[in-house]
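So the structure is just underneath, and the comments pick up after that.
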Amino acid sequence: MKIRLPLLERLLERRRQDRWWKTAATLADLGALMALWLEGELPSWPGYAPGCSPDEETRALIPTLAAANRAGYVTITSQPGVDPEVGFDGLIWQQKAAVEGFVRDPGLLRDLVDAAYEAGLDVEVADTVDTGERGITVTLRGDEPHTGFGGYLNGAQLRGMWPGIGSGALDDVFRSVRITLAAPEYGAAAGVRVWQVLESVISRVPAVGSAARTREEG
């Protein structure tokens, strides 16, 4: 029994964590859970590779991203700016700092957009299900577009991001606005502005959501 006890504890913990996602009632709850995942308190999130933590290149951004999620900007993808470098394929890779996520609060959305434009960032704002073929190219591979943030998402893609979450949280996702912020230039130096803008806006917003309290109460 002693040998099997750790396995049983892990299974019970996994069921408890699954219940947190299933009972998320709002976008704020979802953001609180995403913050816990970023900080390593949850092993994964529905729709993401099981047991996978944030990418290594994102680790320095975790405090900012976690605070953003708790403030109501629920992020789904982000990357730092990286100076041009030779990749595994022998081509030059270039990367812009960028972040993409969902916002429900109109005041927070307005503040993010205003601050981003004032700082000269590239900005895309779209309804959650947007049929426009836009998006912002954030990674170049040999001078050709390789990765883009923003752009078109259909309903199936949205449901697939967090399968099994509470219906209230999913409804909030569909009612949200998706905003992408990106540095105007490639490289690490230009990318600093993205995180400065995000930090300046979210520092004025009280953290919201009940998921952290739910975790403590357990």
Can you hop from Val194 to Ile136 via hydrophobic side chains spaced under 4.5 Å?
-> no
Evaluate the criterion side chain to side chain contact (heavy atoms under 4.5 Å, CB included) for residue pair Trp195 and Ser200; output intermediate values, then yes/no.
-> CA-CA 8 Å; Trp195 315 115; Ser200 71; over 6 Å; no
Heavy-atom side-chain contact between Leu38 and Asn69 under 4.5 Å = yes
Could you check whether the rings of Trp93 and Phe88 sit parallel, tilted or perpendicular, using 30° and 60° as the cut-offs?
-> tilted
So, the side chain of Arg59 versus the backbone of Asp55: is there a donor-acceptor pair under 3.5 Å, distance only?
-> no
Do Val201 and Val125 belong together in a cluster built from hydrophobic side chains that touch within less than 4.5 Å?
-> yes
Taken to the nearest 0.5 Å, the spacing of Leu36 CG from Leu42 CG works out to 5.0 Å
Leu65 CG to Glu199 CD distance, which is reported to the nearest 0.5 Å | 9.5 Å
Starting from Val192, walk the hydrophobic network (Ile, Leu, Val, Met, Phe, Trp, Tyr; side-chain heavy atoms closer than 4.5 Å) and list everyone else you reach, by chain and number.
-> none
What heavy-atom pair brings Leu61 and Pro80 nearest, and what distance separates the two atoms?
-> CD1-N, 4.0 Å
Taking the side chain as C-beta and beyond, is there a heavy-atom pair between Trp21 and Ser44 under 4.5 Å?
-> no
Check whether any side-chain heavy atom of Gln94 lies under 4.5 Å from a side-chain heavy atom of Asp143, and answer yes or no.
-> yes
Side-chain contact test, heavy atoms from C-beta onward, threshold under 4.5 Å: evaluate it for Tyr117 versus Val197 and give yes or no.
-> no
Side-chain contact test, heavy atoms from C-beta onward, threshold under 4.5 Å: evaluate it for Lys22 versus Arg19 and give yes or no.
-> no
Minimum heavy-atom distance Asp83-Ala188, with the two atoms named = OD1-N, 3.0 Å
Let me see the working for Arg175 and Phe102 under side chain to side chain contact (heavy atoms under 4.5 Å, CB included), right down to the final yes or no.
-> CA-CA 9 Å; Arg175 295 189 183 104; Phe102 299 94; over 6 Å; no
ILVMFWY cluster, Ile76 and Val113 together (side-chain gap under 4.5 Å) | yes
Kindly indicate whether the side chain of Pro54, heavy atoms from C-beta on, has any atom under 4.5 Å from the side chain of Trp37.
-> yes
Would you say the side chain of Thr139 lies within less than 4.5 Å of the side chain of Gln79, judging by non-hydrogen atoms?
-> yes
Determine, stepwise, if the pair Ile92 / Val86 fulfils side chain to side chain contact (heavy atoms under 4.5 Å, CB included).
-> CA-CA 5 Å; Ile92 300 296; Val86 179; 3.6 Å; yes
Quick one: pull up CD in Glu144 and CG in Leu91 and give me the separation to the nearest 0.5 Å.
-> 10.0 Å
Search all heavy atoms of Pro163 against all heavy atoms of Gly160 and return the closest pair with its distance.
-> CD-O, 3.3 Å
Hey, quick one: are Tyr73 and Val138 part of the same hydrophobic cluster, counting side-chain heavy atoms closer than 4.5 Å, chains of contacts allowed?
-> no
Could you list all the salt bridge (Lys or Arg N to Asp or Glu O under 4.0 Å) pairs where at least one residue sits in residues 89-105, not counting sequence neighbours?
-> Asp89-Arg141, Lys96-Asp122, Glu100-Arg178, Arg104-Asp172
How are the rings of Trp45 and Trp162 set relative to one another: parallel (under 30°), tilted (30 to 60°) or perpendicular (over 60°)?
-> tilted
Taking atom OG1 of Thr23 and atom CG of Asp29, what is their separation to the nearest 0.5 Å?
-> 7.5 Å
Nearest heavy-atom neighbours spanning Ala71 and Leu108 = O-CD2, 3.5 Å
Test side chain to side chain contact (heavy atoms under 4.5 Å, CB included) on Leu153 and Met161 and set out the steps.
-> CA-CA 11 Å; Leu153 286 178; Met161 285 183 183; 3.5 Å; yes
Might you point out which heavy atoms bring Ala182 and Ala98 nearest each other, and give the distance in Å?
-> CB-CB, 3.9 Å
When rounded to the nearest 0.5 Å, the distance separating CE of Met34 from OG1 of Thr75 is 5.5 Å
Sub-4.5 Å side-chain heavy-atom contact between Val99 and Thr180 = no
Joint cluster assignment, Leu181 & Val205, ILVMFWY side-chain distance < 4.5 Å = yes
Just by distance, with hydrogens left out, do Gln95 and Glu85 show a side-chain donor and acceptor under 3.5 Å apart?
-> no
For Gly72 and Leu27, work out which heavy atoms get closest and say how close.
-> O-CD2, 4.3 Å
First locate atom CZ of Arg193, then atom CG of Leu198, and finally report the distance between them rounded to the nearest 0.5 Å.
-> 15.0 Å
